[in-house]
Amino acid sequence: MYEWVKALHIISVIAWMAGMLYLPRLFVYHCSAPAGSAQSETFKTMERRLLRAIINPAMIATWVFGLWLVWLGGWAFATWFEIKLVLVIAMSGVHGMLSRYVRDFAADQNRHSEKFYRIINEVPTILMIAIVLLAVIKPL
Ligand code: HEM
């Protein structure tokens, strides 16, 4: 049972991270498409579908299977897990910011530069590396 839930957790994590790493990259390209152009409308569709069809459901599944593992494995008070929890909450916060940017672009009201999105693109990567090291190595 535990191994099955863990496999489903990892599958969900892969889908969530694929979207979290790709969406800010779409924003970088979207910045150079003039508002109202056909290219900009295509980016809007790609961003909306990626968020609704992949990133949102994958985040929910990651949380459900992750919390299920905490329950089954009694990990709630393990130090590695508590640090991981803080980082996963930060990842969910970045997710919330990205959804906000999708809404801004959809309304042709982007407020940030291409450089800003390039920097934002690195945040989920750094969080992901730290989270995987904590979950696999459990150094604490
Ligand atoms: C959303 C909240 C999350 C919770 C509550 C959670 C909780 C857990 C728990 C309790 C385990 C079991 C550890 C074990 O059996 O050794 C686990 C495994 C794992 N988690 Fe998460 N997790 C979450 C999100 C994430 C995220 C965002 C990532 C990656 C970016 C991630 C990556 C992993 C990996 C790679 C494992 C497998 C570790 C192993 O088998 O050695 N988790 N998670």
Side-chain angles (χ1 to χ4, degrees):
M1 172 72 162
Y2 189 86
E3 300 304 317
W4 279 97
V5 178
K6 189 146 85 176
L8 293 171
H9 177 62
I10 293 170
I11 292 165
S12 313
V13 162
I14 290 171
W16 188 20
M17 289 306 110
M20 291 289 288
L21 300 179
Y22 189 47
L23 189 55
R25 173 82 6 214
L26 283 177
F27 296 153
V28 170
Y29 300 139
H30 199 158
C31 280
S32 39
S37 65
Q39 211 184 15
S40 168
E41 295 306 308
T42 306
F43 280 125
K44 286 183 192 178
T45 308
M46 291 169 78
E47 288 154 3
R48 191 184 62 242
R49 291 202 182 143
L50 184 63
L51 185 68
R52 295 208 188 143
I54 310 274
I55 307 184
N56 287 344
M59 179 193 66
I60 294 166
T62 302
W63 272 100
V64 168
F65 294 123
L67 290 174
W68 196 350
L69 289 171
V70 174
W71 171 256
L72 291 173
W75 294 113
F77 299 105
T79 308
W80 71 268
F81 174 70
E82 294 192 334
I83 301 170
K84 174 176 165 169
L85 189 62
V86 171
L87 299 182
V88 171
I89 289 169
M91 184 78 85
S92 304
V94 175
H95 181 138
M97 282 166 56
L98 299 186
S99 331
R100 169 78 201 269
Y101 303 148
V102 168
R103 284 201 299 277
D104 289 349
F105 272 113
D108 291 325
Q109 280 176 356
N110 169 42
R111 291 163 298 127
H112 300 290
S113 66
E114 191 178 318
K115 189 170 173 212
F116 173 84
Y117 292 117
R118 282 185 198 280
I119 294 165
I120 284 292
N121 211 354
E122 305 306 327
V123 178
T125 313
I126 293 162
L127 288 173
M128 178 193 66
I129 292 168
I131 292 169
V132 170
L133 290 177
L134 281 166
V136 175
I137 315 274
K138 298 185 179 58
L140 299 157

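Throughout, residue positions are numbered sequentially from 1 according to the sequence presented. Because the structure is a prediction, the values reported are computed rather than measured. Order of appearance sets the numbers: ligands from 1, and atoms from 1 within every ligand.
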In sequence, state the C-alpha distance, the side-chain angles, and the governing distance for Tyr29 and Phe43, and then conclude on side-chain contact (heavy atoms from CB on, under 4.5 Å).
CA-CA 8 Å; Tyr29 300 139; Phe43 280 125; 3.5 Å; yes
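With salt bridges taken as basic N to acidic carboxylate O contacts below 4.0 Å, none links Lys44 and Glu47.
Nearest heavy-atom pair across Pro57 and Arg52 is CD-O, 3.2 Å.
Geometrically, Lys84 does not engage Trp75 in a cation-pi contact defined by less than 6.0 Å to the ring centre and at most 45° from the axis. A cation-pi contact, defined as under 6.0 Å to the ring centre and within 45° of the axis, is absent between Arg118 and Phe116.
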Nitrogen or oxygen contacts under 3.5 Å, ligand 1 side and protein side:
{"from": "ligand 1", "atom 1": "15 (O)", "to": "Tyr2", "atom 2": "OH", "distance (Å)": "2.5"}
{"from": "ligand 1", "atom 1": "15 (O)", "to": "Lys6", "atom 2": "NZ", "distance (Å)": "3.3"}
{"from": "ligand 1", "atom 1": "16 (O)", "to": "Lys138", "atom 2": "NZ", "distance (Å)": "2.5"}
{"from": "ligand 1", "atom 1": "20 (N)", "to": "His9", "atom 2": "NE2", "distance (Å)": "3.0"}
{"from": "ligand 1", "atom 1": "20 (N)", "to": "Lys84", "atom 2": "NZ", "distance (Å)": "2.7"}
{"from": "ligand 1", "atom 1": "22 (N)", "to": "His9", "atom 2": "NE2", "distance (Å)": "2.9"}
{"from": "ligand 1", "atom 1": "22 (N)", "to": "Lys84", "atom 2": "NZ", "distance (Å)": "2.7"}
{"from": "ligand 1", "atom 1": "40 (O)", "to": "Lys6", "atom 2": "NZ", "distance (Å)": "2.8"}
{"from": "ligand 1", "atom 1": "42 (N)", "to": "His9", "atom 2": "NE2", "distance (Å)": "2.9"}
{"from": "ligand 1", "atom 1": "42 (N)", "to": "Lys84", "atom 2": "NZ", "distance (Å)": "2.7"}
{"from": "ligand 1", "atom 1": "43 (N)", "to": "His9", "atom 2": "NE2", "distance (Å)": "3.0"}
{"from": "ligand 1", "atom 1": "43 (N)", "to": "Lys84", "atom 2": "NZ", "distance (Å)": "2.7"}

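Here the straight-line distance linking atom OG1 of Thr62 with atom CD1 of Ile11 works out to 10.5 Å at 0.5 Å rounding.
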